[in-house]
Enquirer: 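For reference, the structure I am asking about is given below.
Remember, it's a predicted structure, so these values are computed and weren't measured experimentally.
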Amino acid sequence: VSASNFTATGNGLDGLHIEDNGTYNFTGTTLLSGNLDDGLDISGQGTYTFATVNALDNTDRGITVQGTSSGGSFTTTGGTISGNGGMAVFIDPITAHVVLDSISQTGGTSGVVLDHVSGSFTVNGATTISNTTGPAIAISDSPATIRFGDINITNPGAGGMSFSGVNAAVVAGNIVISGLGVGAGLDFSGSRTNFTAQSLNITGPGAAGTIGIDLADTTGGTIVVTNGGSISGVDTGVRFGIAGSLAHSANAEFSFGGGSIGGSTASLDARGLNQTLGHYAFGSTTFSEPQLFDQQNVIFVGGVGSSGD
């Protein structure tokens with residue numbers, strides 16, 4: 001099936017709905033706007049190739065690719081996903097070769113959900129997400145190469161970026177998370193994730209239980225914030241485990257390249273950290289508020305505390 005410059009606006013259900021397992025090729029610009037369900041909904045196991053996809057102001061999701069398989073493929077070369085009600089992008093699972101120009105999502109459950117995605121997923125421009133009920137971005141068990149430009153997240157309902165399972169390579173530009181009132185800004189707990197960001201700035205209202213970066217229960221992976229940044233207005237700046245048990249220890253190669261980290265209960269909470277697992281470097285980072293360690297752990301952390309080294 002082939003089409004060029006396909007447009008679907010104002011439909012009572014999806015703008016474009018595909019269940020067939022065949023080969024589909026859409027050239028030019030595909031515009032899916034103002035439809036009462038999803039903009040694009042694919043549930044087959046075929047080959048789906050698009051040039052530019054603009055999914056705008058649809059009632060539910062902008063792009064949904066689900067119930068498929070890694071044997072199928074979904075390709076885009078550009079496009080804008082903006083103003084959709086339920087979610088911007090949901091992919092689970094398929095081999096993706098997705099390039100988008102930008103993503104903008106206000107409200108709904110999440111902005112971007114990638115689950116069991118292989119291949120590649122790239123957003124060249126900004127990803128802007130606010131006021132979701134769930135995590136703004138959720139990535140799980142995805143061997144794909146995943147790249148975002150700058151990310152701006154405001155008032156996420158269940159954390160900023162959440163990772164679970166094994167994720168091969170997630171790269172982002174400058175990340176700003178504000179209004180963190182629930183969960184963690186970057187939640188790596190229970191995952192093995194390779195992650196690199198240029199910088200990270202997290203602010204919140206100081207709500208109990210909030211965590212800037214959660215490394216508890218990590219099972220490997222390399223996590224790097226190249227230029228560091230700032231974490232403030234949270235309960236715990238960085239968590240490495242759970243007090244009282246080594247069973248939930250972090251185990252990652254972690255680097256935060258300077259800046260400042262604070263937390264009303266602890267800037268660093270290393271209780272429950274097995275000191276034989278992983279490495280954790282903070283360069284010239286300044287820490288405010290307490291740093292909590294188990295008595296048996298003697299750990300050097302490169303950085304400057306509130307009262308000196």
Enquirer: Less than 4.5 Å apart, side chain to side chain, heavy atoms only: is that true for Leu273 and Asp294?
Expert: no
Enquirer: Cut-off 3.5 Å, side chains only: do Thr27 and Ser4 have a donor facing an acceptor?
Expert: yes
Enquirer: Measure the shortest side-chain to side-chain distance between Phe195 and Thr222 over non-hydrogen atoms and say whether it is less than 4.5 angstrom.
Expert: no
Enquirer: If you define the side chain from C-beta out and look only at heavy atoms, does anything of Asp150 sit under 4.5 Å from Ile175?
Expert: no
Enquirer: Show, in sequence, the C-alpha distance, side-chain angles and deciding distance for Leu40 and Phe74, and conclude whether the side chain to side chain contact (heavy atoms under 4.5 Å, CB included) test is met.
Expert: CA-CA 12 Å; Leu40 174 62; Phe74 173 59; 3.9 Å; yes
Enquirer: Thr64 and Asp38: side-chain donor and acceptor closer than 3.5 Å?
Expert: yes
Enquirer: Do Phe90 and Phe163 belong to the same hydrophobic cluster, where Ile, Leu, Val, Met, Phe, Trp and Tyr are linked whenever their side-chain heavy atoms lie under 4.5 Å apart, directly or via other members?
Expert: no
Enquirer: Run the side chain to side chain contact (heavy atoms under 4.5 Å, CB included) test on Leu32 and Leu56 for me, step by step, so that the C-alpha distance in whole Å, both residues' side-chain angles and the decisive distance to 0.1 Å come before the verdict.
Expert: CA-CA 6 Å; Leu32 308 167; Leu56 312 173; over 6 Å; no
Enquirer: Does the side chain of Thr193 come under 3.5 Å of the side chain of Asn167 through a donor N or O and an acceptor N or O?
Expert: yes
Enquirer: State whether a side-chain donor-acceptor pair under 3.5 Å links Asn131 with Thr106.
Expert: no
Enquirer: So do the side chains of Leu180 and Thr203 get within less than 4.5 Å of each other, counting heavy atoms only?
Expert: no
Enquirer: Check for me whether the distance between the ring centres of Phe26 and Phe50 falls short of 6.0 Å.
Expert: yes
Enquirer: Look at Asp214 together with Arg239 and state whether they make a salt bridge at an N to O cut-off of under 4.0 Å.
Expert: yes
Enquirer: Side chains of Thr128 and Asn152: donor-acceptor distance under 3.5 Å anywhere?
Expert: no
Enquirer: Taking it one step at a time, do Val89 and Val113 satisfy side chain to side chain contact (heavy atoms under 4.5 Å, CB included)?
Expert: CA-CA 6 Å; Val89 177; Val113 173; over 6 Å; no
Enquirer: Give the C-alpha distance, both sets of side-chain angles, the deciding distance and a yes or no for side chain to side chain contact (heavy atoms under 4.5 Å, CB included) between Thr109 and Thr132.
Expert: CA-CA 5 Å; Thr109 53; Thr132 54; over 6 Å; no
Enquirer: Check whether more than 12 heavy atoms from other residues, nucleotides or ligands sit under 6.0 Å from atom CG of Leu36, and answer yes or no.
Expert: yes
Enquirer: Evaluate the side-chain proximity of Asn84 to Gln105: yes if any heavy-atom separation is below 4.5 Å, no if none is.
Expert: yes
Enquirer: Under the criterion side-chain hydrogen bond (donor to acceptor under 3.5 Å, both in side chains), I'd like the reasoning laid out for Ser140 against Asp115: C-alpha separation, chi angles, the key distance, then a yes or no.
Expert: CA-CA 5 Å; Ser140 56; Asp115 182 24; 2.8 Å; yes
Enquirer: Going hydrophobic residue to hydrophobic residue with side-chain gaps under 4.5 angstrom, can you get from Leu186 over to Val182?
Expert: no
Enquirer: Give the cluster check for Val98 versus Val117: same hydrophobic cluster or not, with ILVMFWY residues linked at side-chain heavy-atom distances below 4.5 Å.
Expert: yes
Enquirer: Once the angle between the rings of Phe282 and Phe287 is folded into 0 to 90°, is it parallel (under 30°), tilted (30 to 60°) or perpendicular (over 60°)?
Expert: perpendicular
